[in-house]
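Notes to accompany the following structure.
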Number of protein chains: 2
Amino acid sequence: MVNIGDVAKAAGVSRSTVSYVLSGKRSISQDTRDRVSAAIAELGFTVNAGARALATSETMVLGLHVQFEPDEFAPAMLQYVLPIAQTARDLGFDSMMMTEADGYSAIRRMASSNMIDGLVLLDVVDDDPRLSALRVITQPGVLIGLPADSAGLDVIDLDFAEAARMIVDRLASAGHRNVLLITPPQHVFDRGGGYAARFRDAAIERARRAGLRLTVRAGESQEPLINASLNGLLDDLADNTAIVLHNDASVAALPGVLRERGIRVPGDLSVIGLFSESFSRTFNLRYSAIDTAPARIATLAVEQLVRRITDPVSAGAPGVRLVTPAFVDRGSLAQLG
Amino acid sequence: MVNIGDVAKAAGVSRSTVSYVLSGKRSISQDTRDRVSAAIAELGFTVNAGARALATSETMVLGLHVQFEPDEFAPAMLQYVLPIAQTARDLGFDSMMMTEADGYSAIRRMASSNMIDGLVLLDVVDDDPRLSALRVITQPGVLIGLPADSAGLDVIDLDFAEAARMIVDRLASAGHRNVLLITPPQHVFDRGGGYAARFRDAAIERARRAGLRLTVRAGESQEPLINASLNGLLDDLADNTAIVLHNDASVAALPGVLRERGIRVPGDLSVIGLFSESFSRTFNLRYSAIDTAPARIATLAVEQLVRRITDPVSAGAPGVRLVTPAFVDRGSLAQLG
DNA sequence: CTGAAAGCGCTTACAG
DNA sequence: CTGAAAGCGCTTACAG
């Protein structure tokens with residue numbers, strides 16, 4: 001492999017000059033710059049990443065740790081992973097993907113072997129064991145998902161409470177008085193998926209104020225339970241005029257269940273969900289929804305992380321940034337009365 | 001950060017001895033080994049990856065390039081990415097994820113800057129521009145997906161031709177004589193997704209021999225075209241007793257369409273698909289299918305790549321390995337006559 | 001505007 | 001069984 005010395009020799013300059021041409025960190029005469037550039041092009045020289053990392057202590061690599069919950073609804077994850085890698089690249093970083101179940105050890109290993117300049121944590125839960133790793137290592141991290149204690153950490157998440165309020169307000173002003181909310185499965189609450197509680201609690205609170213009767217049920221995550229549970233709810237709670245779904249698996253299964261029961265949306269029932277554009281496309285869902293905006297959240301997270309790596313001052317004090325939700329109207333909400 | 005010199009000092013040995021304790025590449029007295037290990041543990045020492053890579057020319061990192069086709073059915077990709085990263089880790093490698101649209105440049109950059117020891121290419125098509133990058137770089141690669149010219153390359157793919165023959169044979173021996181095949185969308189053929197043609201052509205050939213009338217139609221990949229096209233086919237080709245789907249989007253949409261038309265499976269129509277277990281779970285599909293076995297293919301690919309990196313002799317001559325398909329019976333194939 | 005040299009943290013022949 | 005030293009390919013103060 002051709003190295004910086006070969007380039008120097010070919011251009012008739014020193015190795016440091018080649019390095020400075022590459023980095024632009026000092027002024028070089030037009031003439032030598034041209035000779036060096038020509039030599040680089042001719043020899044097809046690329047800086048050796050390991051050597052540069054060793055000399056600068058900067059790897060230009062971001063770590064990305066994803067949890068893989070076997071009982072989780074999988075298709076959602078890629079919506080974050082892809083934009084994370086893409087944004088990182090746009091900012092000059094590569095992405096190292098970690099999938100170890102033991103996130104704590106994985107992060108410590110990667111950080112202490114100096115493979116990464118920073119870390120993105122996906123799907124952070126309330127009492128996430130990865131956070132203690134983050135507090136020990138020297139590299140900064142950014143969380144996607146708000147944990148119980150986020151002191152000193154950069155966090156990006158959707159404003160789930162605001163999302164709930166927006167939905168309840170729309171339902172209320174459309175004249176709905178009896179609404180069913182299907183939350184994520186119980187195991188999401190158990191695991192500490194705080195977003196589920198934030199959405200639910202804000203919905204309950206807002207419904208109370210609006211004088212709206214909100215019935216809350218946890219959805220299932222595995223067939224055939226999903227269908228059975230949806231059917232059961234539609235049997236028992238037939239007086240609801242609207243259903244709010246904060247549950248990927250249930251909302252994906254809903255069209256089939258409604259079709260089977262001959263229920264028309266929004267004629268017989270109004271439906272509002274909480275899912276991304278791409279989720280809507282994948283499952284061909286025509287329900288109005290709060291967009292969970294995975295690409296936007298991923299981009300913001302990486303941008304903040306890179307800012308903290310390259311220019312901590314401009315990154316400001318670490319803190320939580322909740323993304324304001326956007327409502328996408330697909331016409332599944334009926335105006336009553 | 002603590003380095004190998006700190007450990008050496010603490011243990012009262014030379015840096016080389018610490019290194020040899022780490023690598024096990026020469027025998028060390030029990031006593032010094034203990035002292036070194038103790039020092040490593042106490043100081044929390046981890047080898048600096050960049051320095052090691054510089055010294056050994058081995059990064060212990062695998063590159064993974066994924067194409068992101070906006071018109072593609074996305075959920076499938078993660079089924080490969082996760083097991084790739086997992087298998088790599090089991091074999092001592094980390095995974096660098098590349099998502100650049102310009103795969104050729106991405107690969108050349110990563111390879112020539114010596115960030116990776118080998119490369120996994122996902123979703124390889126007939127005339128894949130990434131292959132010319134692979135032929136230039138010094139690191140070995142493995143392809144998931146069989147290209148037109150695979151000379152000198154390690155390739156893993158499902159045996160799509162055999163899958164087609166297995167399906168046709170089952171249909172024939174169950175007494176079906178008129179069968180509809182829905183292939184991947186036209187743009188998959190256009191892009192050179194050879195697997196689509198291999199499946200289709202083998203199905204046609206086998207059907208001819210078995211005296212079975214096979215009607216072939218390309219499916220759509222975007223709603224509302226998918227539904228419309230499925231309905232059109234069921235209208236026009238009502239005399240078919242079975243339908244074979246080699247099309248993710250269509251098979252996911254099929255239950256809804258059949259339910260709407262009141263068609264029962266397998267009472268009114270037999271259905272056989274080509275999709276993974278996890279796909280079946282995600283979309284709650286109860287159709288019998290050839291399992292596309294993404295995890296198995298991913299694992300085989302990484303194992304072969306790592307073999308070629310670490311022990312080229314045992315890896316044998318580069319070549320194509322087609323995975324024999326497995327049929328998963330979910331009871332959607334009716335026995336006729 | 002440019003060069004010689006030290007140093008980043010490892011590994012591994014070379015010596016004993 | 002162990003150590004001193006060269007070398008991997010860069011970057012960056014230090015000098016001029």
Side-chain angles (χ1 to χ4, degrees), chain A residues 1-37 39-40 43-61 92 109-117 138 310, chain B residues 1-37 39-40 43-61 92 109-117 138 310:
Chain A
M1 208 71 290
V2 33
N3 64 29
I4 202 171
D6 301 326
V7 174
K9 203 169 298 170
V13 297
S14 72
R15 301 190 304 150
S16 56
T17 296
V18 176
S19 178
Y20 283 117
V21 167
L22 251 20
S23 68
K25 285 187 182 171
R26 77 178 179 194
S27 41
I28 310 273
S29 74
Q30 189 60 48
D31 177 54
T32 59
R33 195 207 314 280
D34 289 347
R35 289 213 314 284
V36 170
S37 304
I40 288 175
L43 300 176
F45 167 71
T46 316
V47 174
N48 179 299
R52 170 174 277 176
L54 184 56
T56 61
S57 303
E58 286 176 4
T59 62
M60 302 308 284
V61 173
R109 178 180 68 84
M110 189 136 301
S112 66
S113 62
N114 242 284
M115 302 182 75
I116 55 172
D117 291 340
T138 56
T310 57
Chain B
M1 207 73 287
V2 33
N3 63 30
I4 202 172
D6 301 327
V7 174
K9 203 169 296 169
V13 298
S14 71
R15 301 192 303 151
S16 55
T17 297
V18 176
S19 178
Y20 283 117
V21 167
L22 251 21
S23 69
K25 285 188 182 169
R26 76 178 180 196
S27 44
I28 310 273
S29 74
Q30 188 60 47
D31 177 52
T32 58
R33 195 207 314 279
D34 289 346
R35 289 211 315 285
V36 169
S37 304
I40 289 175
L43 300 176
F45 167 71
T46 316
V47 174
N48 179 300
R52 170 174 278 176
L54 183 56
T56 61
S57 303
E58 286 175 5
T59 62
M60 302 308 284
V61 173
R109 178 181 69 84
M110 189 135 301
S112 66
S113 62
N114 242 284
M115 301 182 77
I116 55 173
D117 291 341
T138 55
T310 56

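Proteins get letters first, then strands, A, B, ... in listed order; numbering begins at 1 in each. Computed from a predicted structure; not experimentally measured.
For the pair B:R26 and B:T56, nearest-nucleotide mapping onto DNA chain C gives the more 5' position to B:T56.
Residue contacts for A:S19: at a heavy-atom cut-off of 4.0 Å it reaches a base atom on one of the strands shown. Backbone-only contact: A:T32 has heavy atoms under 4.0 Å from sugar-phosphate atoms and none from a base. As judged by a 4.0 angstrom heavy-atom cut-off over every strand, B:S113 is placed among residues making no nucleic acid contact.
Contact between A:A10 and A:A39 at its shortest, heavy atoms only, is CB-CB, 4.0 Å. Scanning all heavy atoms of the two residues, the minimum distance from A:M115 to A:V61 falls at O-CB, 3.5 Å. In this structure, B:M1 and A:N114 approach most closely via the heavy-atom pair CG-ND2, 4.3 Å.
Between A:L22 and A:I40, the closest side-chain pair of non-hydrogen atoms falls below 4.5 Å. Inter-residue side-chain proximity for B:V13 and B:V18 is flagged as met; some heavy-atom pair is nearer than 4.5 Å.
Taking a pair as Watson-Crick or G-U wobble with both distances under 3.5 Å, DNA chain C forms stems of 3 or more consecutive pairs at C:1-3 with D:14-16, C:5-12 with D:5-12, C:14-16 with D:1-3.
Every side-chain contact (heavy atoms from CB on, under 4.5 Å) that A:D6 has, sequence neighbours left out, goes to A:V2, A:N3, A:L43. A:R109 is linked by a salt bridge (charged side-chain N to carboxylate O under 4.0 Å, His left out) to A:E100, B:D94, counting only residues two or more places apart in sequence or in another chain.
Contacts between chain A and DNA chain C, taken as any atom within less than 4.0 angstrom of a protein heavy atom, begin and end at C:dC1 to C:dG9.
Listed for the A:R35 side chain is a donor-acceptor partner under 3.5 Å among the backbone atoms of A:A11. Proximity of a side-chain donor or acceptor of A:R15 to a complementary backbone N or O of A:I4 within less than 3.5 Å is not detected.
The list of side chain to side chain donor-acceptor pair (under 3.5 Å) pairs with a residue in residues 48-59 of chain B, not counting sequence neighbours, reads B:T59-B:D117.
DNA chain C lies under 4.0 Å from at least one heavy atom of each of the following residues of residues 2-17 of chain B: B:N3, B:I4, B:R15, B:S16.
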